[in-house]
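In what follows, a structure is listed as structure tokens, so that the remarks can point back to it.
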Amino acid sequence: MKQILHRGAAWVKAHPKIDIAVLVAGLFIFALVTLFHVSSASIWFDEAFSAYIIRFDYWQIAAFTSTDVHPPFYYWALKLWSDLFGTTELALRSLSIVFAIGAISGAFILMRRLFGRSVAAVSLLFMVLSPMIVRYSDEARMYTLATLIVVWATYVLVRAIQAKNQKRWWVAYAVLVALGMWTHYFTAFVWLAHWAWRGIVVAQKNKEVKAFAKAYFTKSWLWVHVLAVGLFVPWLFFMVKQLGTVQGSGFWIGPVGVDTPVNYLTNIFYYLEHGKTQSWIALLIVTVIALVIILIPKTYRRLRADSRQSFWLVSVVAFVPPILLFLSSLPPLRPSFVDRYLIPSILFYSLFMAVVFVVGTRSWRPIARVLPIILVSGMMIFGISNVYYYGNYNKNSNTHILTRQVINEIKRVGGEGQPIVANSPWLLYEAAPYESADHPVYFIDENTQYIFGSLDMLKESDLHKISDLDAFEKANPVIWYFGATTDADVTPYRDDWRKIQTVSVTSPITGKTVYRATAYQVSAE
């Protein structure tokens with residue numbers, strides 16, 4: 001076995017172009033893993049918001065998202081993508097897969113440049129099997145786009161520092177930093193991690209404060225950030241307004257606690273909350289974390305001086321953003337720690353583990369070196385199975401979103417031309433992607449309170465809005481009233497509505513029946 005491993009390693013070493021085949025194979029596996037699951041779950045509210053906002057033009061998209069909580073760049077990209085490929089679940093979510101493939105490719109190239117082929121190959125394995133990356137590659141949101149930008153910005157930063165003609169690399173870095181902010185505000189934590197890494201590197205050669213400041217705040221470092229801020233200035237006012245609204249009026253995110261970092265780690269490996277990580281799977285994760293901690297100093301000692309700087313870079317991007325997000329979620333600030341906001345750092349955690357397991361175990365026997373990699377891969381494969389099982393299950397509200405399933409039931413048993421009326425504007429968003437000519441989707445406007453900015457698209461447009469309910473009832477004698485309730489039927493909006501039948505779907509995860517639609521006779525034929 002030992003001889004086989006040595007011969008295999010020698011053959012790979014003699015054929016450097018095999019790396020292209022390795023990358024292509026890894027990306028192919030990732031595409032299969034994500035595409036297999038991409039259309040299995042119903043679109044949930046965040047995705048539904050993405051699907052709805054791209055109905056408008058680019059200026060309107062910017063206007064509507066300015067009153068929500070995120071910047072517009074992802075929505076612009078999704079708008080362009082949907083114009084080319086449509087608005088099915090596959091079409092909407094596949095853009096995130098494309099972004100993830102770009103991020104994984106960039107990370108592989110980065111790790112090959114910084115640490116060599118073996119570390120790059122193991123990094124690829126961990127990224128392809130990462131449950132969190134798989135999960136949010138199957139979601140029509142901005143998380144993999146942010147990851148793509150972060151990965152390539154980190155690569156460009158390395159090239160800018162290493163290259164003799166730095167200007168073009170610094171310009172590219174400034175553009176990527178700005179694009180990151182135009183995509184998700186929490187990429188700022190990654191840029192701060194880059195600042196921290198630069199501080200570590202500069203401090204190693206400049207011990208005195210004056211020398212450190214001079215070496216740190218170079219002209220290139222300063223003007224690149226001036227350029228990045230300048231590119232983001234058009235949106236800066238809206239960012240301040242959005243963050244002020246969230247901090248002033250609160251948000252749905254719960255407070256951080258002792259369990260927050262534990263949850264973060266169990267989701268990285270298993271896509272499970274810490275309360276569900278028990279018995280042997282708990283022991284395995286404790287074993288892996290303990291092994292990583294033991295190997296870190298050994299890894300650092302075995303690296304060359306330049307590779308140590310690279311190890312610091314991977315480490316700060318993996319760990320600084322979660323720490324900063326945790327600290328910024330403590331009082332008096334409102335909590336904002338959500339695992340999916342940290343997908344870029346989760347990807348870099350895969351890179352960090354790859355360096356530790358490849359470099360830190362160089363003195364081990366070949367078979368022993370492979371065992372931790374196999375162990376982590378097996379844990380992550382189990383995590384992917386949990387991703388498949390839970391789908392769009394909302395861990396924050398403990399709700400399994402089943403909008404598509406209910407609407408499919410309506411289409412199966414309902415008559416032609418019977419509209420679906422959502423009993424809240426929030427459910428309208430979830431139902432809209434599944435409407436058809438026979439079953440268009442609406443909501444009742446008259447008592448709707450447009451308190452939140454995410455409802456401005458409904459407030460400012462007549463699309464899907466019932467403004468005159470009496471006229472609507474005359475035109476549509478039978479309607480399906482759709483809602484999320486534990487009652488036997490969806491409570492009618494008006495007392496004179498006469499029930500015909502109710503369809504419902506039971507969640508295989510919770511065992512509860514919450515998503516229902518009741519057909520009502522609302523006027524005489």
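Numbers here are sequence positions counted from 1.
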First locate atom OG of S123, then atom CZ of F108, and finally report the distance between them rounded to the nearest 0.5 Å.
8.5 Å
Is R135 reaching over with its side chain to a backbone N or O of G391, donor-acceptor style, under 3.5 angstrom?
yes
Report yes if the side chains of F99 and T147 come closer than 4.5 Å at any heavy-atom pair, otherwise no.
no
Start with the C-alpha gap between Y75 and S50, add the side-chain angles, then the distance that decides, and say whether side-chain contact (heavy atoms from CB on, under 4.5 Å) holds.
CA-CA 7 Å; Y75 300 122; S50 300; 3.6 Å; yes
Would a distance-only check, ignoring hydrogens and angles, find a side-chain to backbone donor-acceptor pair under 3.5 Å from T399 to I401?
no
Just grab all the salt bridge (Lys or Arg N to Asp or Glu O under 4.0 Å) pairs involving residues 80-91, residues at least two apart or on different chains.
E89-R404
Are any side-chain N or O atoms of S345 and backbone N or O atoms of P322, one a donor and one an acceptor, separated by less than 3.5 Å?
no
Taking all heavy atoms of V150 and all of F348, pick out the closest pair and write down the distance.
CG1-CE1, 4.1 Å
With sequence neighbours excluded, residues passing salt bridge (charged side-chain N to carboxylate O under 4.0 Å, His left out) with E273
K395
Heavy-atom distance under 4.5 Å between the side chains of I101 and S105, does that happen here?
yes
Might you point out which heavy atoms bring L124 and L23 nearest each other, and give the distance in Å?
CD2-CA, 3.8 Å
Results of side chain to side chain contact (heavy atoms under 4.5 Å, CB included) for I381 - residues two or more places apart only:
L129
Measuring only between side-chain heavy atoms, which start at C-beta, is I43 closer than 4.5 Å to T403?
no
Is it true that the side chains of S40 and H37 contain a donor and an acceptor less than 3.5 Å apart?
yes
Do other residues, nucleotides or ligands put more than 12 heavy atoms under 6.0 Å from W497 CH2?
yes
Side-chain contact test, heavy atoms from C-beta onward, threshold under 4.5 Å: evaluate it for I479 versus I420 and give yes or no.
no
Suppose we call two aromatic rings close when their centres sit under 6.0 Å apart. Are Y52 and F49 close by that rule?
no
Grab the two heavy atoms, one from L231 and one from A178, that are nearest each other, plus how far apart they are.
CB-CB, 3.6 Å
What is the minimum heavy-atom distance between H400 and N392, and which atoms define it?
CD2-OD1, 3.4 Å
Restricting to salt bridge (charged side-chain N to carboxylate O under 4.0 Å, His left out), what partner residues turn up for R141, sequence neighbours left out?
none
Partners passing salt bridge (charged side-chain N to carboxylate O under 4.0 Å, His left out) against R494 (at least two apart in sequence or in another chain):
D470, E473
For H439 and P419, indicate whether the former's side chain and the latter's backbone hold a donor-acceptor pair under 3.5 Å.
no
Is there a donor-acceptor pair under 3.5 Å between the side chain of K465 and the backbone N or O of L458?
yes
Just wondering, are more than 12 heavy atoms of other shown residues or ligands nearer than 6.0 Å to CD in Q449?
no
Would you indicate whether Y58, at its atom OH, is surrounded by more than 12 heavy atoms from other residues, nucleotides or ligands within a distance under 6.0 Å?
yes
I'd like to know whether the aromatic ring centres of H194 and W197 sit less than 6.0 Å apart in this structure.
no
Does W152 use its side chain to pair, donor to acceptor, with the backbone of G102 at less than 3.5 Å?
yes
Hey, is the main chain of R516 close enough, under 3.5 Å, to the side chain of S504 for a donor-acceptor pair?
no
Compare all side-chain heavy atoms of M380 with those of P131 and state whether any distance is below 4.5 angstrom.
yes
How far apart are the C-alpha atoms of F85 and L92, what are their side-chain angles, what is the distance that settles it, and do they pass the side-chain contact (heavy atoms from CB on, under 4.5 Å) test?
CA-CA 8 Å; F85 300 105; L92 292 172; over 6 Å; no
Check: W195 ring centroid to H225 ring centroid under 6.0 Å
yes
Can you see whether Q242 engages Y185 through a side-chain donor-acceptor pair at a distance of less than 3.5 angstrom?
yes
Rounded at 0.5 Å granularity, tell me how far OH in Y173 sits from CH2 in W191.
6.0 Å
When rounded to the nearest 0.5 angstrom, what distance separates CG in L428 from CG in D445?
11.0 Å
A side-chain contact here means heavy atoms from C-beta on lying under 4.5 Å apart; do S507 and Y393 qualify?
no
Only counting residues at least two apart or in another chain, list the ones meeting salt bridge (charged side-chain N to carboxylate O under 4.0 Å, His left out) with D489.
K499
Report, as yes or no, whether the 6.0 Å neighbourhood of atom CZ on F36 holds more than 12 heavy atoms from other residues, nucleotides or ligands.
no
One pair to check against side-chain contact (heavy atoms from CB on, under 4.5 Å): T506 and K512. What are the steps and the verdict?
CA-CA 6 Å; T506 300; K512 296 179 180 178; over 6 Å; no
Let me confirm one number: the CD-NZ distance from Q60 to K79, rounded to the nearest 0.5 Å.
8.5 Å
Would you confirm whether D468, through its side chain, and A471, through its main-chain N or O, come within 3.5 Å as a donor-acceptor pair?
yes
Near-ring test Y271/Y389, centroid separation under 6.0 angstrom
no
Report the distance from atom CG of N267 to atom NZ of K276, rounding to the nearest 0.5 Å.
12.0 Å
Got a donor-acceptor contact below 3.5 angstrom from the S96 side chain to the E139 backbone?
yes
Can you confirm whether or not the ring centre of W76 sits under 6.0 Å from the ring centre of W81?
no
Centre-to-centre under 6.0 Å for Y74 and Y143, is that the case here?
no
Gap between atom CG of L402 and atom OG1 of T513 - 0.5 Å precision
9.5 Å
Do N476 and V522 have side-chain heavy atoms sitting under 4.5 Å apart?
no
Below 6.0 angstrom between ring centroids: does that apply to W426 and F452?
yes
Which heavy atom of H464 sits nearest a heavy atom of A432, and at what distance?
CE1-CB, 4.4 Å
Are the side chain of E409 and the backbone of V503 linked by a donor-acceptor contact shorter than 3.5 Å?
no
Should Y349 and F126 be marked as a side-chain contact (heavy atoms from CB on, under 4.5 Å) after you check the CA-CA gap, both sets of side-chain angles, and the distance that decides it?
CA-CA 9 Å; Y349 188 77; F126 288 165; over 6 Å; no
Testing the basics here: between A318 and F352, what is the closest heavy-atom pair and its distance to 0.1 Å?
CB-CB, 4.5 Å
Under 4.5 Å between any side-chain heavy atoms of V421 and W480, yes or no?
no
In this structure, is the centre-to-centre distance between the rings of H184 and Y341 below 6.0 Å?
yes
